[in-house]
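Naming convention: chains lettered A, B, ... in sequence-line order (proteins, then strands); numbering from 1 in each chain. Worth knowing before you read on, the calculation uses all heavy atoms, side chains too, and leaves out hydrogens, waters and symmetry mates. Model, not experiment: these values are computed from the prediction.
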Protein chains: 2
Amino acid sequence: MKISEAAAASGCHLETIRYYERIGLLSKAARRDNGYRVYTHAEVERLRFITRGRELGFSLEEIQSLLALAEQTDMPCADVDRMARQHLADIQGRIQALQRMAQELARTIEGCAGGARARCAILGDLQAPVDRTAPNTSSAPKGGRRAAAGRPGAGP
Amino acid sequence: MKISEAAAASGCHLETIRYYERIGLLSKAARRDNGYRVYTHAEVERLRFITRGRELGFSLEEIQSLLALAEQTDMPCADVDRMARQHLADIQGRIQALQRMAQELARTIEGCAGGARARCAILGDLQAPVDRTAPNTSSAPKGGRRAAAGRPGAGP
DNA sequence: CTAAAGTCCGTAGTCGCTCCGGAGTCAAGT
DNA sequence: ACTTGACTCCGGAGCGACTACGGACTTTAG
């Protein structure tokens, strides 16, 4: 099948397929005489594996490891299990961080009665950390890209 | 004060300060004779505002709007409030998406009894979506960068 | 006086795509 | 046969928010 069909079958964007090939996550697809890529069922399955992994929040690097593990079918899957658990813990950490964020933000919003800007609690809280609970100065992300998971209409 | 002191005082990484200046989020800092940047208390406050906003998950663009709003102290803060609420909703959406992710992953992990790779439930689930509950095929992120919020030790 | 630490600058790399433009190819309709 | 429109190719640039690097310079401590 052609790339657009493979895209439809795998749920992966066409350009993303080419991207995966470019970075070596997929091996180079076979070509027809006209230069068009051809995909086999197996390749579409691999693509689905990747897409699914992305949906579960694995990085492409992690997915590559998982694929490598998946190819050795004769060994116990303890390491797969370990990776999955590690990843789950990671996600839970992110959830907690976001929950802290949401809590602080909600508290800040509550404090703002809609008065004059000079006494706006939101802006005030932004200027100086809240520090109402813990002595911990920096309670939040700090070490990463902005989270965008689950944002319904992100992107142009 | 010098840039390293401003960094320490604001909790913002030194290189990040320069980055903010480069992209125009901070105006160009004054310089000493030797070319070193000098920062005033007000600039450090602005920097803290930005850092704090980032900690709460606002984008730099949102922060720029907030800063602009903060500078007009004589109007009601309804729009600040609106932005904050919108942002809170956004965060809550992300939390939900991650929770779905975690749930699915946990279910997948549970199904894996640690047997042979050929019957590894995790890898199996990656190959074909679970579909144990909803007819909804794509329940997850899809439209964004990888979330990394709250990852404690991210980076080399 | 020397060595270490700090600062400068511009550039490139990170992640995971997504979009662009220009060129070639193909299938359907007139 | 010809046109139209859809599809595919490719390399490269752009996003967001940094972070790292390298080479030149200055300051500071011993």
Side-chain angles (χ1 to χ4, degrees), chain A residues 1-8 10-26 28-39 47 50-64 90 94 140-149 151 153-156, chain B residues 1-8 10-26 28-39 47 50-64 90 94 140-149 151 153-156:
Chain A
M1 50 170 96
K2 303 197 275 184
I3 193 169
S4 63
E5 293 161 341
S10 66
C12 183
H13 195 282
L14 185 148
E15 302 248 35
T16 307
I17 298 179
R18 285 208 282 253
Y19 168 70
Y20 288 162
E21 181 179 319
R22 206 156 61 224
I23 63 169
L25 189 54
L26 293 175
K28 297 200 171 189
R31 302 297 183 114
R32 286 203 281 174
D33 288 354
N34 55 16
Y36 286 19
R37 289 174 181 81
V38 201
Y39 292 91
L47 211 33
I50 296 168
T51 310
R52 177 81 181 137
R54 290 292 299 136
E55 279 171 9
L56 287 176
F58 287 96
S59 71
L60 293 182
E61 207 182 339
E62 286 167 323
I63 290 169
Q64 199 145 33
D90 191 84
R94 281 187 258 162
K142 211 78 190 259
R145 241 167 295 299
R146 178 136 189 256
R151 242 182 173 177
Chain B
M1 49 172 96
K2 303 197 274 182
I3 194 170
S4 63
E5 292 161 343
S10 65
C12 184
H13 194 283
L14 184 149
E15 303 246 36
T16 307
I17 297 178
R18 285 207 282 251
Y19 168 69
Y20 289 161
E21 181 179 318
R22 205 157 61 226
I23 64 169
L25 189 55
L26 294 174
K28 298 201 172 189
R31 302 296 183 114
R32 285 204 280 171
D33 288 353
N34 56 14
Y36 285 19
R37 288 173 180 81
V38 201
Y39 293 90
L47 210 35
I50 296 168
T51 310
R52 176 84 181 136
R54 290 291 301 138
E55 280 171 9
L56 288 176
F58 287 96
S59 70
L60 293 183
E61 208 182 337
E62 286 168 323
I63 290 169
Q64 198 145 32
D90 192 85
R94 280 188 258 161
K142 209 72 185 259
R145 242 168 295 297
R146 181 137 188 258
R151 245 179 170 178

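Here A:Ile3 lies in heavy-atom contact (under 4.0 Å) with sugar-phosphate atoms only.
Nearest to the side chain of B:Arg18, among D:dA20, C:dC17, C:dC9, sits C:dC9. You'll find that the side chain of A:Tyr20 is closest to C:dC17, out of C:dC17, D:dC21, D:dC18. Of all nucleotides listed (C:dT7, C:dC26, D:dG12), C:dC26 comes nearest to the side chain of A:Asn34. The nucleotide whose nearest atom lies closest to any side-chain atom of B:Arg54 is, among D:dC18, D:dT19, D:dC10, D:dC18.
Taking the nucleotide of DNA chain C with the nearest heavy atom to each of B:Arg37 and A:Leu60, the more 5' of the two is matched to B:Arg37. Residue A:Arg31 is the one, among A:Arg31 and B:Arg22, whose nearest nucleotide of DNA chain D lies closer to the 5' end (criterion: closest heavy atom). Judged by closest nucleotide on DNA chain D, B:Ile50 is the one of B:Ile50 and B:Arg32 placed further toward the 5' end.
To the nearest 0.5 Å, atoms SG (B:Cys12) and CG (B:Leu26) are separated by 8.0 Å.
What separates CD of B:Glu15 from P of D:dC21 is a distance of 10 Å, to the nearest Å. Between A:Glu5 atom CD and D:dA6 atom P there is a gap of 17 Å when expressed in whole angstrom units. Note: CD1 (B:Ile23) to P (D:dT19) measures 13 Å, nearest angstrom. In this structure, B:Glu62 places its CD atom 9 Å from P of D:dA17, rounding to the nearest Å. If you measure from atom CD of A:Glu55 to atom P of C:dG16, you get 15 Å, rounded to the nearest angstrom. As a whole-Å value, the separation of B:His13 NE2 from D:dG16 C1' is 18 Å. A straight line from OH of A:Tyr39 to P of D:dT8 spans 10 Å, rounded to a whole angstrom. Straight-line distance from the CG atom of B:Asp33 to the P atom of C:dT7: 16 Å, rounded to whole Å.
For A:Tyr36 against C:dG24, a side-chain-to-base donor-acceptor contact under 3.5 Å is present.
Using a 4.0 Å cut-off between a side-chain N of Lys or Arg and a carboxylate O of Asp or Glu, B:Glu15 and B:Arg18 qualify as a salt bridge. Under the 4.0 Å criterion applied to side-chain N and carboxylate O atoms, A:Arg52 and A:Glu55 are assigned as salt-bridge partners.
Listed pair A:Ser4 / D:dT8 meets the phosphate criterion, a side-chain N or O lying under 4.0 Å from OP1 or OP2. Contact between the side-chain N/O atoms of A:Thr16 and the OP1/OP2 oxygens of C:dT18 is found at a separation under 4.0 Å.
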### Message
side-chain contact (heavy atoms from CB on, under 4.5 Å), that's the test. Do B:Arg37 and B:Arg31 meet it? Break it down for me.
### Response
CA-CA 5 Å; B:Arg37 288 173 180 81; B:Arg31 302 296 183 114; 3.3 Å; yes

### Task
Apply side-chain contact (heavy atoms from CB on, under 4.5 Å) to the pair B:Tyr20 and B:Ile63, showing each step before the final yes or no.
CA-CA 12 Å; B:Tyr20 289 161; B:Ile63 290 169; over 6 Å; no

